[in-house]
Amino acid sequence: MFEELPVRISARPFLLLYPVVYRTDVLNYSHITVPAGYATDFASIPRIFWRIFPPSGMYRRAALVHDWLVDEQPHSCDDKQAAKVFLEAMKDIGVSWMRRKMMYRAVRLFGPRFKPLSE
């Protein structure tokens, strides 16, 4: 599903080989499609925490969708909605309650801030 590129993690070393579609109840539209060819680092977690929260852990698809919303869809949602989609996707995948709450909080505290371009 992914190809690892020979670059540093900060340069987003994972290339999506097939599109990923995620159904959400958070946004005004029901489906998010991340196209093939999109590059991601999955979860942008500081290296010191990788033993506990590896960047490509069970939540990697949720992180992929969040990255896509942050990078490519700022006209359709804001940072709070993107974080809520991340939380929703982690729940759908089966990430434990504690882990998803900690990761959601980290995204809200340290993740990117943006408003829809249409505002």
Side-chain angles (χ1 to χ4, degrees):
M1 177 189 257
F2 297 96
E3 175 185 354
E4 188 168 358
L5 304 173
V7 296
R8 296 175 49 90
I9 192 84
S10 61
R12 298 203 170 179
F14 300 100
L15 190 64
L16 187 60
L17 298 177
Y18 305 99
V20 170
V21 178
Y22 176 70
R23 185 191 166 286
T24 182
D25 293 324
V26 173
L27 303 175
N28 292 332
Y29 47 93
S30 63
H31 291 85
I32 299 165
T33 302
V34 183
Y38 179 69
T40 183
D41 64 352
F42 295 117
S44 303
I45 297 171
R47 192 181 233 7
I48 193 168
F49 298 114
W50 283 8
R51 284 188 154 245
I52 303 165
F53 299 103
S56 61
M58 180 180 186
Y59 37 77
R60 68 183 169 268
R61 291 188 105 170
L64 170 71
V65 171
H66 180 262
D67 279 358
W68 174 251
L69 288 173
V70 169
D71 291 346
E72 305 296 334
Q73 300 298 313
H75 63 279
S76 61
C77 70
D78 62 22
D79 55 287
K80 291 177 187 174
Q81 291 169 312
K84 285 181 182 177
V85 170
F86 179 54
L87 180 64
E88 173 192 51
M90 285 191 293
K91 183 177 181 181
D92 290 348
I93 292 166
V95 175
S96 72
W97 178 87
M98 180 68 79
R99 185 168 295 252
R100 70 178 183 257
K101 291 296 182 182
M102 288 191 302
M103 293 191 73
Y104 172 76
R105 290 272 184 224
V107 164
R108 289 299 302 132
L109 289 171
F110 306 110
R113 300 284 183 256
F114 61 93
K115 297 290 179 201
L117 295 176
S118 59
E119 286 187 0

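Both backbone and side-chain heavy atoms feed into the values below; hydrogens, waters and symmetry mates do not.
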query: Does any donor atom in the side chain of Tyr38 or Asp71 lie under 3.5 Å from an acceptor atom in the other side chain?
result: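 Yes, because at least one side-chain N or O of Tyr38 sits under 3.5 Å from a partner of the opposite role on Asp71.
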
With side chains defined as the heavy atoms from C-beta onward, is the minimum distance between [X] and [Y] less than 4.5 Å?
X: Asp41; Y: Asp67; answer: yes
X: Asp92; Y: Tyr22; answer: yes
X: Ile93; Y: Met90; answer: no
X: Thr40; Y: Leu16; answer: no
X: Tyr104; Y: Lys84; answer: yes
X: Val70; Y: His66; answer: yes
X: Phe86; Y: Met103; answer: yes

With clusters defined by side-chain heavy atoms of hydrophobic residues (ILVMFWY) lying less than 4.5 Å apart, directly or transitively, does [Y] cluster with [X]?
X: Met102; Y: Leu109; result: no
X: Val21; Y: Leu27; result: no
X: Tyr59; Y: Met98; result: yes

- Message: Return the SG to CG distance between Cys77 and Leu69, rounded to the nearest 0.5 Å.
- Response: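 Going from the SG atom of Cys77 to the CG atom of Leu69 covers 4.5 Å.
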
**Report entry** Pairs meeting criterion salt bridge (charged side-chain N to carboxylate O under 4.0 Å, His left out) with involvement of residues 16-35, two or more places apart
**Finding:**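 Found Arg23-Asp25.
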
Check [X] against [Y] and note the closest heavy-atom contact, atom names and distance.
X: Pro19; Y: Thr33; answer: CB-CG2, 4.4 Å
X: Ala83; Y: Val107; answer: CB-CG1, 3.8 Å
X: Val95; Y: Met58; answer: N-CE, 4.0 Å

